[in-house]
Number of protein chains: 2
Amino acid sequence: MAQVRPMRADARRNRERLLEVAAAAFAERGEGASLDDIARRAGVGVGTLYRHFPTRQALLEAAYLDRIEAIAARADLIAAERAPGEALLEWLNELGVGMIQVRGMKALLGTAVDTACGECVRGAADRLVRAAQEAGTLRPDVEPVEVLRLAHGVATAAESAAGEGGGTAVRRYLSLLVEGLMPR
Amino acid sequence: MAQVRPMRADARRNRERLLEVAAAAFAERGEGASLDDIARRAGVGVGTLYRHFPTRQALLEAAYLDRIEAIAARADLIAAERAPGEALLEWLNELGVGMIQVRGMKALLGTAVDTACGECVRGAADRLVRAAQEAGTLRPDVEPVEVLRLAHGVATAAESAAGEGGGTAVRRYLSLLVEGLMPR
DNA sequence: ACCTGAACACCGTTCAAGT
DNA sequence: ACCTGAACACCGTTCAAGT
């Protein structure tokens with residue numbers, strides 16, 4: 001399954017360079033950043049970029065893999081410190097803020113919910129959701145993937161509320177989602 | 001404010017043709033449909049398209065204006081038939097389904113929430129939200145615009161749940177939003 | 001095995017020339 | 001006053017030639 005033969009030294013270097021440049025480019029120009037530009041800034045031919053990453057999606061995934069894994073890893077740290085319900089909420093908040101702050105990651109995680117790249121995120125969501133359900137602080141009839149999709153939707157909503165300072169909007173909309181729009 | 005001098009007959013015809021073709025093109029190819037293609041199919045030069053609609057956004061808005069007004073108009077009909085809380089929910093559902101079914105309209109309404117084009121939608125949301133709040137079936141601390149943003153987010157979430165038959169997903173996620181993720 | 005970059009196709013946008 | 005379409009700039013993608 002994994003890479004059997006090690007990559008040639010130059011190929012490995014190029015790949016690395018491309019990932020660095022791509023991460024920066026996507027962060028600053030969004031998911032639509034010019035691939036030609038990325039190749040040029042990385043000092044390689046465009047063909048090389050396509051050889052390593054056949055699609056834009058593949059490059060996006062690879063460029064943000066470590067950041068995504070970092071977010072997934074946060075789940076266990078948070079879970080150790082808080083009650084299950086609060087832990088889920090806090091993690092979803094960090095996920096949402098991350099999606100908004102790092103341009104391009106929202107688009108990636110939107111589809112990545114069902115791709116290989118999002119596996120660790122799905123795993124984290126699974127654990128937090130199950131724990132909260134067992135603790136009785138989350139409806140038992142919601143699936144982890146539904147929670148992830150809704151979190152993505154919340155990030156979208158928060159994004160369009162650009163004016164009032166980014167992160168606050170995620171918290172606000174997330175709490176509306178958790179508590180519900182009906183009066184309690 | 002409005003058009004003082006009437007348009008020349010050929011200009012008027014071209015505008016009409018462009019709108020028809022654009023609506024079809026956006027519906028079938030999504031918001032990114034080729035403007036060149038639209039002009040060609042409408043039988044006009046590209047320059048004419050740009051003269052009438054300086055930006056893609058302007059064309060999108062104009063092409064879907066009647067559909068958007070139709071959705072806004074539904075609000076009063078629904079409000080006459082149901083209790084305020086249910087009316088809001090039903091209208092948001094129609095709005096969400098519309099955004100998903102007609103490709104391009106979701107993107108438009110996402111930003112249009114704060115543009116001229118979305119004025120009638122905002123008006124409709126205002127009335128339904130206020131009514132539901134007065135009837136005590138909606139939290140008093142949510143703004144109409146927040147409800148619209150969340151509805152857009154819900155549509156985004158439902159869209160990514162492509163498999164299980166479109167419209168159902170909107171209802172599902174909408175009810176999760178309304179009832180909340182916490183157990184009641 | 002991998003890299004390069006020219007070549008091709010495509011799209012958005014502008015604008016001089018036309019009626 | 002409005003239309004046309006060539007011209008320009010830009011981008012994604014492929015692939016023959018090179019090491």
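Values reported hereafter were calculated over all heavy atoms of this structure, with side chains retained and with hydrogens, waters and symmetry mates removed. Naming: A, B, ... by sequence-line order, numbering from 1 per chain.
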> Contact class for B:Asp37 (heavy atom, under 4.0 Å): base, sugar-phosphate, or nothing?
Replying inline: nothing

> Whole Å only: how far is the OH atom of A:Tyr50 from the P atom of C:dC2?
Replying inline: 19 Å

> Picking from D:dC3, C:dA6, C:dC2, which would you name as closest to the side chain of A:Ala11?
Replying inline: C:dC2

> Rounded to whole angstrom units, what separation is found between the CG atom of A:Asp36 and the C1' atom of C:dA6?
Replying inline: 12 Å

> Can you check whether A:His52 has a side-chain N or O nearer than 4.0 Å to OP1 or OP2 of C:dC3?
Replying inline: yes

> Just checking B:Thr48: base, sugar-phosphate only, or nothing, at a heavy-atom cut-off of under 4.0 Å?
Replying inline: base

> Which part of the nucleic acid does A:Val44 contact within heavy-atom distance under 4.0 Å: base, sugar-phosphate only, or nothing?
Replying inline: sugar-phosphate

> Separation of A:Phe53 atom CZ from C:dC3 atom P, in whole Å?
Replying inline: 11 Å

> Could you spell out the base pairing of DNA chain D in dot-bracket, with Watson-Crick or G-U pairs whose two distances are under 3.5 Å, [ ] crossing and | to another strand?
Replying inline: ||.|||||...|||||.||

> When the nearest nucleotide of DNA chain C is assigned to A:Asp10 and to B:Arg40 on a heavy-atom basis, which residue is associated with the more 5' position?
Replying inline: A:Asp10

> Of A:Val97, A:Leu95, A:Asn93, which meets side chain to side chain contact (heavy atoms under 4.5 Å, CB included) against A:Leu174?
Replying inline: A:Asn93

> Do the charged groups of A:Arg171 and A:Glu90 touch, with an N to O distance under 4.0 Å?
Replying inline: yes

>> Does A:Ala33 reach a base, just sugar-phosphate, or nothing at all? Heavy atoms under 4.0 Å.
In response: sugar-phosphate

> 5'-most contact on DNA chain D: A:Leu35 or A:Arg8, nearest heavy atom basis?
Replying inline: A:Leu35

>> Show the nearest heavy-atom pair for residues B:Val178 and B:Arg184, with the distance to one decimal.
In response: O-NH2, 3.8 Å

